[in-house]
Protein chains: 2
Amino acid sequence: KSTVTIGLVQALTAHLKINSFACLRQPSQGPTFGFNLHLTGDIHAITAANNLLAAAIDARILHESTQSDKALYNRLVPVVKGVRGFSSIQLARLRRLGINKTDPETLTEEEISRFVRLDIDPSTITWQRVVDTNDRFLRKITIGQANTEKGFVRQAQFDIAVASEIMAILALTTSLEDMKERLGKIVVANDKKGEPVTAEDLGVTGALAVLMKDAIKPTLMQTLEGTPVFVHAGPFANIAHGNSSILADKIALKLVGEKGFVVTEAGFGADIGMEKFFNIKCRASGLVPSVVVLVATVRALKMHGGGPSVSAGAPLKKEYTEENLQLVADGCCNLQKQIQITQLFGVPVVVALNVFKTDSPAEVDLVCKIAKQSGAFDAVPCNHWSDGGRGAVKLAQAVEKAANQKSSFKYLYGLELPIAEKIKTIAQKVYGAKDIELSPAAQSQIDRYTRQGFGKLPICMAKTHLSLSHQPERKGVPTGFILPISDVRASIGAGFIYPLVGTMSTMPGLPTRPCFYDIDLDPVTEEVKGLF
Amino acid sequence: KSTVTIGLVQALTAHLKINSFACLRQPSQGPTFGFNLHLTGDIHAITAANNLLAAAIDARILHESTQSDKALYNRLVPVVKGVRGFSSIQLARLRRLGINKTDPETLTEEEISRFVRLDIDPSTITWQRVVDTNDRFLRKITIGQANTEKGFVRQAQFDIAVASEIMAILALTTSLEDMKERLGKIVVANDKKGEPVTAEDLGVTGALAVLMKDAIKPTLMQTLEGTPVFVHAGPFANIAHGNSSILADKIALKLVGEKGFVVTEAGFGADIGMEKFFNIKCRASGLVPSVVVLVATVRALKMHGGGPSVSAGAPLKKEYTEENLQLVADGCCNLQKQIQITQLFGVPVVVALNVFKTDSPAEVDLVCKIAKQSGAFDAVPCNHWSDGGRGAVKLAQAVEKAANQKSSFKYLYGLELPIAEKIKTIAQKVYGAKDIELSPAAQSQIDRYTRQGFGKLPICMAKTHLSLSHQPERKGVPTGFILPISDVRASIGAGFIYPLVGTMSTMPGLPTRPCFYDIDLDPVTEEVKGLF
């Protein structure tokens, strides 16, 4: 998809002379050890902010557990140069508590107690620490085992940094003010009465905003042909919402002008990145795209048609290196389904077939024919991988034409539907499931979020990208399956409810031979070797 | 010290018209939540490199424990496009093992087994994960508790990022080639035969070098008066070696020319930052300073003279706000000792008295008089905090004069001394201890490092900066104490042995009222509030 994005903007700009901009995400360093590493710095800023909030939660629980109301109050609201005063963050907390006072000396004992105690229930903490490394040994850990933490041990985990809610916030925010507000609304746990505890309650909103104040600015880069590209944020599409940032899109739209094109990337297929693009990102931005470009490859379609599995390192089977029209035809059911999913949203779709040198002309023709029969506005083979923008000129022409079509965009579900209904709508209409099955944990979380007033948020499914269903090995168009929802979480700052479909790992691991084996640095030329 | 550094270069440049450069460290974000936050990005790069190495260790132990020699070999040396070949990192490992082969098909079973198994003894792992947040709950943790890690749980810890050996390497390296070599030499654990296992054995040297290739370049900034400043690296002086980077110093020296001045900062007092500057940094750089500037304040000397303790938030006692010549005179024993420590190294010392508005002229005069009587080349009051460079002109003049003195620099100890003797020399000559006491753990580590051939390295003491002794509350010049060495570690890549004096925490915690309470961001003006 990233290469199609780049090829398309190059073709639009250099060959069709239309102002264009590409908006991309920065990949995580963990799984890719990718070409960019520290590139935009966004992931480092997110990690710092995420982990400051995590440290604040546990430290607060410890301090509340080991101090009296009075001791807490004296420390939280100290006498400085003879005067005791509330900070602005503390005044805001008093207002939320309905305590209409500004002089620390006038609070009653009961008000002091309410003010100083967040009373976090440790068993409800949903805020995890993050690291941008594939570190499987941090998937489940016990923290607080040093004597200094006085026995306040608990089980916790590290997630990969791009799964942080702060990454989702960065990608969905529309301004510095909006970002600060979202950071403050992050729910990290419940208190012992079952009420949500937020970052704002911990007094850390301002610090989080300061840590993120530079990351909110997209990084401007360019393609080899000189087309401008914004690289910004980088949420995973399977465990997060997987789309480029709204701010990058908005700035780019302004820059290309009314007749220009902004090509913005969404992770994985129509069932994952696109569904979230429409139901979550478009809702947050208020923007509507003119065209969807759906990327296909002959190899992936052959896998969906029943071809043998492909694994890195092993030589490619002959099904993939030789012409096999039957496999392609069988696999196109998946492409057809992806097109149908797009049509649910009322936006025209152009299929971009990314052609590899092992693909035969007959295979390429067959895919394009089936795509058009299935309702695509057009379907075009692309050769940008070898020819740059020139190889995507036909795609650019098709996209321009499609953009002039009348379209009638609509969301898949209304926000007022109950959470479970929204999940079911996505499962049935997008994935083709027969029904959903909520685990007891999932049901109780849904009840809690509904009670807490978070029932009207859109849904961000955490599901494998390897199948339309929850089972990665089920290719093609699986039907009749019951989609298991093992747990439901909430990203209140980002603004979505986050159901886990089956078991989704939020922390990848290193294989026996990690890709760093091939990475080296020539200390004289500073040339990096072994990165793609 | 940082303000004196800045004041001094400003005075040298603007008022004495001498080319000057300041070299500073970047403070950790954890304890300071400082003015610079992501500033140079060095700490983020170090965190990424440190944690990649940590993840590689545990993943390797897991993979070796769950696979046969043959399965490991097939994965480590896979067939790619019909050919099986070693990577350059693997060829280097074969050479280290004395296996003189380059064709993977020709290794014997015994050679394969030696090649694929690092046989790490998990109980000897000394490489810890790091995070640049004050997160006390990570001081002692249990990792690997998810089912996917198959029971390979072990106790571990996170340190604050600036305590990483990679930070020390960054500060001590002299070139990209040297850095890569040091990264490869990092010892992370022992194998089951007691031999050291290195980053190079894990095949991660190249990747670490790539992650650090931009951080090796110092960041150029300037003072308010336009004097150039390099900000680079940032090791703590109590738990690490605490000095600005060698590369920044060297580049700055080249830029200021033969008659110019480079003022480089060392953390804390003469017993900590300066001792390590001479014995560790000067050994690695081959450079010798012309003058030592020792920074003193009336308030700190009063504390050493027996004044009441000072705590943040509480109002300052009258001993510190009113003239008290007796307390100053009593506390000057500490200043005298600091001057004597400097003289051990044969370099002239100028005392810079950082004057506050509560200091009386008589107090200031007294300190300067005692300093000169104690052997300082000169002692000068400074007012740069209020007057900028103009307030440090006298200091600059004294420094220039001192630099023209003949000096006869010498190290405190020879590297050929046994490890315990080197520790004892520092303890007695610098700290004034009667003797040292090695814990059984410390003794056994010393024996191991000596056996492994690491006995000739210099020593980096991890000691409190609040006292010349190991007890923070013992002010002035403590005598007769026995310095307890609780443990001894080795930073082989950085190139030093690292004894822990008493209990030194490598992970600070958040107080009840963390400084982030006062930090805020104005979303309209982008102004940051509450940072110093």
Side-chain angles (χ1 to χ4, degrees), chain A residues 29 33 37-38 41 44-45 48 51-52 55-56 58-59 63 72 75-76 78 80-82 87-89 131-146 148-149 176-177 180 203-204 206-207 209-211 213-214 313 315 509-510 512-513 516-521 523 526 528, chain B residues 29 33 37-38 41 44-45 48 51-52 55-56 58-59 63 72 75-76 78 80-82 87-89 131-146 148-149 176-177 180 203-204 206-207 209-211 213-214 313 315 509-510 512-513 516-521 523 526 528:
Chain A
Q29 186 173 286
F33 205 94
L37 302 173
H38 310 298
H44 292 318
N51 291 346
L52 178 65
D58 286 300
H63 291 307
L72 282 169
R75 288 204 171 90
L76 287 170
V80 179
K81 293 183 186 165
S87 75
S88 58
I89 281 177
V131 67
D132 192 29
T133 312
N134 283 13
D135 196 347
R136 51 190 297 164
F137 276 73
L138 300 180
R139 283 173 184 161
K140 198 195 247 185
I141 63 177
T142 300
I143 61 170
Q145 295 181 310
T148 47
E149 278 58 70
L176 204 50
E177 192 164 4
K180 195 177 149 187
V204 72
V210 170
L211 282 167
K213 81 178 174 55
D214 297 314
L510 290 173
T512 304
R513 187 185 201 283
F516 61 64
Y517 268 75
D518 299 307
I519 292 169
D520 206 357
L521 179 73
E526 295 192 28
V528 175
Chain B
Q29 187 173 286
F33 205 93
L37 301 173
H38 310 298
H44 292 318
N51 291 346
L52 178 65
D58 286 300
H63 291 306
L72 282 168
R75 288 205 172 89
L76 286 170
V80 179
K81 294 183 184 164
S87 74
S88 59
I89 280 177
V131 68
D132 192 30
T133 312
N134 284 13
D135 195 346
R136 52 190 296 164
F137 276 73
L138 300 181
R139 284 174 184 161
K140 198 195 247 187
I141 63 176
T142 301
I143 61 170
Q145 295 180 312
T148 47
E149 279 57 71
L176 204 50
E177 192 166 3
K180 195 175 149 188
V204 73
V210 170
L211 283 166
K213 80 179 174 56
D214 297 315
L510 291 172
T512 304
R513 187 187 203 280
F516 61 65
Y517 268 76
D518 300 307
I519 292 170
D520 205 357
L521 179 73
E526 296 192 26
V528 175

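Numbers restart at 1 for each chain; the letters A, B, ... are given by sequence-line order, proteins then strands.
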Q. Based on non-hydrogen pairs under 4.5 Å, which of B:N51, B:L521, B:T512, B:V204 is most in contact with chain A?
A.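 Most heavy-atom pairs within the cutoff with chain A belong to B:T512.
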Q: May I ask you to name which of B:A59, B:G144, B:G203 has the most heavy-atom pairs under 4.5 Å with chain A?
A: B:G144
Is the backbone of [Y] close enough, under 3.5 Å, to the side chain of [X] for a donor and an acceptor to pair up by distance?
X      : Y      : answer
B:K180 : A:P523 : no
A:H63  : B:L510 : yes
A:R136 : B:T148 : yes

**Q.** Residues in side-chain hydrogen bond (donor to acceptor under 3.5 Å, both in side chains) contact with B:D135, at least two apart in sequence or another chain
**A.**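 If we apply the side-chain hydrogen bond (donor to acceptor under 3.5 Å, both in side chains) test to B:D135, skipping adjacent residues, the hits are A:R129.
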Do you know which two heavy atoms are closest between [X] and [Y], and how far apart they sit?
X      : Y      : answer
A:I519 : B:V210 : CG2-CG2, 3.6 Å
A:E149 : B:R139 : OE2-NH1, 3.3 Å
B:L52  : A:F516 : CD1-CD2, 4.1 Å

Q.
To the closest 0.5 Å, what do you measure between CD1 (B:I143) and CZ (A:F137)?
A. 6.5 Å
**Q.** Any A:Y517 side-chain heavy atom under 4.5 Å of B:L76 side chain
**A.** yes
Q) If we only count heavy atoms from C-beta on, is the B:T142 to A:I141 side-chain gap below 4.5 Å? A)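 Not in contact.
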Q. What pairs with B:S88 under side-chain contact (heavy atoms from CB on, under 4.5 Å), at least two apart in sequence or on another chain?
A. A:D520
Q | chain A contact via B:V131 - side chain, backbone, both or neither, heavy atoms under 4.5 Å | A |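 It is the side chain, since no backbone atom gets that close.
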Q. In terms of heavy-atom pairs under 4.5 Å with chain B, which of A:A209, A:G206, A:G509, A:A45 leads?
A. A:G206
Q) Under a 4.0 Å N-O cut-off, is there an ion pair linking A:E526 with B:K213? A)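 Salt bridge flag = no for B:K213 with A:E526.
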